[in-house]
Amino acid sequence: MIALKNVRKSFGEIQAVNGLSFEIPTGGTFGLLGPNGAGKTTTIRMLVGALTPDSGTLEIHSENASSISARARIGVAPQSLALYESLTPRENLKFFGEIYGLSGSHLKERIQWALDFSQLNDRANSRAGTFSGGMKRRLNLAIALIHDPDVLLLDEPTVGVDPQSRNHIFECIEELKSQSKTIIYTTHYMEEVERLCNQVAIMDKGKLLACGSPEELIAQHATAAEVIAHVGEEIHSVGDLPGTVQEGVWRFESMNPFVELNQANNNGIAIKSMEMKQPNLESVFLNLTGRSLRD
Amino acid sequence: MRTIWKLAMKDIKVLSRDKATVFFVVGFPLLMGIFFGVVMGGPDGGKSNAMKIAVVDEDNTEMSNRFIKQLDQNDGCEVVPLARDEAIDQVRKGKLTGMIAVPAGFGESAGLVWQSPPEIQVGMDPSRQAEGAMAQGFIMQAMGNLIGDRMFNPKQNRQMVDDLRSQMNAAQDGVMADENFKRMVDSMDALFDSINELDEAEKENEEKVSGEQDATDEESSDAGPSLQFANITSIDVTRVAEPGSKSALLQKVRTKWDLTFPQAMVWGILGCVASFAISIVRERIRGTYHRLEVAPFSKAHIVAGKGLACFLTVLFVIVMLLAVGYFLGLRPRNPAMLLVASVFVSFCFVGIMLVISVLGKTEEIVGGAGWGVNMVMAMFGGGMVPLMFLPKSIQTISNLSPVKWAVLALEGAIWRGFSIAEMMMPLTILFCVGAACMLFGSWRLNAQTG
């Protein structure tokens with residue numbers, strides 16, 4: 001289990017993380033969401049021992065996250081492609097495997113496994129600098145896995161990647177989930193979180209705003225559903241019902257839209273066609289963090 | 001230690017695949033060392049101060065060849081074999097001091113004192129009268145040696161006497177038929193027989209002493225002692241330079257490579273410094289540094305790995321340039337001291353590399369700052385112009401440049417002949433600068449990376 005208790009970190013006058021506390025159970029996929037400047041990267045850097053918190057504790061399987069033994073159990077796939085472009089995938093994997101203490105036949109087995117996992121066998125001896133963005137992302141992930149870590153930290157692993165590579169990465173993560181690895185996933189793409197994560201935490205301004213499964217968050221922080229109903233150009237008003245009618249289109253928001261639709265039908269307003277947007281994680285996110293642009 | 005070694009080997013592998021880095025670390029210093037050595041000229045162990053004279057051999061006989069060889073063996077004369085027209089052209093253009101032409105027929109009478117002297121044609125640059133007189137002296141010396149060859153050559157003498165007797169028997173009047181001439185030839189015959197007997201007696205005596213004779217050396221069997229008109233010995237009038245002066249230092253320089261290769265080594269070292277400093281920033285920007293931070297070892301390992309890679313590369317550059325210099329004629333006076341100097345120089349510049357790596361947060365800033373610092377250190381430290389040729393005021397300022405102490409340490413072991421006591425100062429300064437820079441650079445890098 002990964003546990004954060006009242007963690008704080010500031011850089012000068014900027015309080016990047018302000019009393020953050022949450023737990024990540026073993027074997028789950030945990031999504032960490034937040035707008036730019038929310039404190040996600042700072043939290044992740046403290047989790048992997050690259051930054052020391054000003055106060056509070058971060059523990060991985062009851063060990064201090066900054067300890068050598070804890071770091072040996074973590075694999076990191078950073079957002080920026082952290083690989084040596086003048087080395088081949090095999091050389092990259094060999095180097096990182098060796099610094100994690102692997103050697104001999106075990107290292108060779110892990111290198112082969114990583115190449116198979118990332119489907120880079122055909123280019124194992126080509127320099128990484130010649131790869132496409134998708135291939136580099138796959139290698140980035142493979143390097144994080146070379147030493148078979150218990151905890152995997154994926155920081156926006158699908159940025160700048162073509163759909164095929166993106167889909168392959170999703171499949172890889174789902175396979176890792178099935179191996180009971182604990183995965184911490186950060187992204188700006190809500191559909192990825194909804195597909196992959198068991199638990200989601202939403203941060204802003206260094207604080208935790210909400211934490212739970214996607215369904216729980218939607219249920220707890222759901223906004224009204226948005227309905228767009230085509231009623232015909234002869235209809236200019238819906239009376240006491242909510243929303244507005246313009247050019248034969250009735251738009252309204254409701255927590256229970258079927259009540260309003262039924263009422264309209266009873267009032268003789270025929271619904272010719274309808275489109276309904278249910279609340280989702282993105283709407284929860286925007287609802288909690290606001291719609292204004294962040295620097 | 002294993003982790004540090006792995007990190008270092010990775011850095012060396014990564015840098016070795018960057019063509020620009022390889023050029024600035026290996027290629028550029030080689031070019032600098034060889035180019036400036038060639039430009040400098042100077043002491044190269046050869047006849048660089050000898051008078052260059054074209055020699056035209058139009059006789060092509062054994063005697064003309066011996067004559068030319070005698071000229072070439074003279075330290076003051078460097079023979080350049082040319083055709084007549086080309087020789088005249090070269091002298092007229094000022095490329096050669098003069099020319100000596102040996103016309104056809106030279107060999108018939110060369111070395112025979114009772115015959116008319118053979119013609120030798122001399123053409124000297126009119127602006128070099130004194131050297132013209134020297135050339136005539138070289139010619140007379142060479143001719144004297146030929147006379148000795150003739151006189152003490154039994155085969156040639158026998159042949160000559162037989163030729164004369166044939167001519168005398170055929171002659172009915174004139175000098176050849178004169179009784180006085182006949183008596184002279186008889187006297188010559190007797191003289192040559194005596195010389196031959198004396199020569200053979202000397203050779204038998206030498207055989208008893210050495211126990212061997214070189215039967216294949218025709219000249220030693222055919223030619224006797226050379227004929228010298230005076231025994232010239234040398235008086236030592238070499239210049240006495242004031243100790244510590246530039247002249248005194250220059251006297252220690254044996255070849256031009258002594259001066260240019262330590263500078264070339266410094267340029268290789270500065271190339272390493274800039275390349276490794278940039279590589280640290282590159283790793284931080286591209287995220288690989290973050291991976292290393294997360295790995296199960298301390299940041300000190302990361303810094304140590306970089307330092308070790310830089311240290312080994314600097315040592316490699318010094319050894320590589322030394323090997324090339326050795327091939328060209330560079331001979332370190334004290335190889336053991338050179339090894340010690342190389343280690344201290346490498347240590348110092350690893351520290352400087354760490355400082356440069358924290359001067360900025362982008363490759364462009366660190367690259368620019370790095371080469372800027374390198375240039376200043378090189379300019380004032382003897383990396384461009386040898387220390388001894390810098391003005392006194394600049395030499396004083398150069399004490400602040402680590403390059404000066406690096407060049408001094410390397411030169412001290414290569415050609416200055418420093419004692420251990422003399423070496424202590426540059427080595428101590430290099431160590432202190434290196435240690436201070438390492439501490440500062442490591443602290444600053446740690447602060448920048450959180």
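As the structure is a computational prediction, the values presented were derived from the model and not from experiment. Values below: every heavy atom of this structure, side chains too, minus hydrogens, waters and symmetry copies. Just so it is clear: chains get the letters A, B, ... in the order the sequence lines come, proteins before strands, and each one is counted from 1.
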What pair of heavy atoms forms the shortest contact from [X] to [Y], and how long is it?
{"X": "A:F95", "Y": "B:K6", "value": "CE1-O, 3.7 Å"}
{"X": "A:T88", "Y": "B:R17", "value": "N-NH1, 4.3 Å"}
{"X": "A:A82", "Y": "B:T288", "value": "C-CG2, 3.5 Å"}

Below 4.5 Å from any heavy atom of chain B, which atoms of [X] appear? Answer side chain, backbone, both or neither.
{"X": "A:F11", "value": "neither"}
{"X": "A:A70", "value": "neither"}
{"X": "A:L81", "value": "backbone"}
{"X": "A:L153", "value": "neither"}
{"X": "A:R73", "value": "neither"}

Working to the nearest 0.5 angstrom, can you tell me the gap between [X] [atom1] and [Y] [atom2]?
{"X": "A:I99", "Y": "B:H301", "atom1": "CD1", "atom2": "NE2", "answer": "11.0 Å"}
{"X": "B:R2", "Y": "A:S103", "atom1": "CZ", "atom2": "OG", "answer": "5.5 Å"}
{"X": "B:E293", "Y": "A:S66", "atom1": "CD", "atom2": "OG", "answer": "12.5 Å"}

Under 6.0 Å from the [atom1] atom of [X], do we count more than 12 heavy atoms belonging to anything else shown?
{"X": "A:I14", "atom1": "CD1", "result": "no"}
{"X": "A:K177", "atom1": "NZ", "result": "yes"}
{"X": "B:W5", "atom1": "CH2", "result": "no"}
{"X": "B:F23", "atom1": "CZ", "result": "yes"}
{"X": "B:F431", "atom1": "CZ", "result": "no"}

Quiz prompt | Proximal component of B:F297, with respect to chain A [non-hydrogen, under 4.5 Å] | solution = both

Quiz item: Tell me, side chain or backbone of B:L15 under 4.5 Å from chain A's heavy atoms, or both, or neither?
Solution: neither

Exercise. Name the option with the most non-hydrogen atom pairs under 4.5 Å to chain B; the candidates are A:E85, A:E91, A:K94.
Key: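 Option with the top pair count is A:E91.
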
Exercise. For each of A:E98, A:H147, A:Q79, tally heavy-atom pairs with chain B at distances under 4.5 Å, and name the one with the top tally.
Key: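 Highest number of pairs under 4.5 Å: A:E98.
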
Taking the side chain as C-beta and beyond, is there a heavy-atom pair between [X] and [Y] under 4.5 Å?
{"X": "B:R291", "Y": "A:L83", "result": "no"}
{"X": "B:H290", "Y": "A:V48", "result": "yes"}
{"X": "B:E283", "Y": "A:Y84", "result": "yes"}

Exercise. Look at B:P296, B:S16, B:G287 and state which one has the largest set of heavy-atom pairs under 4.5 Å with chain A.
Key: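 The answer is B:P296.
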
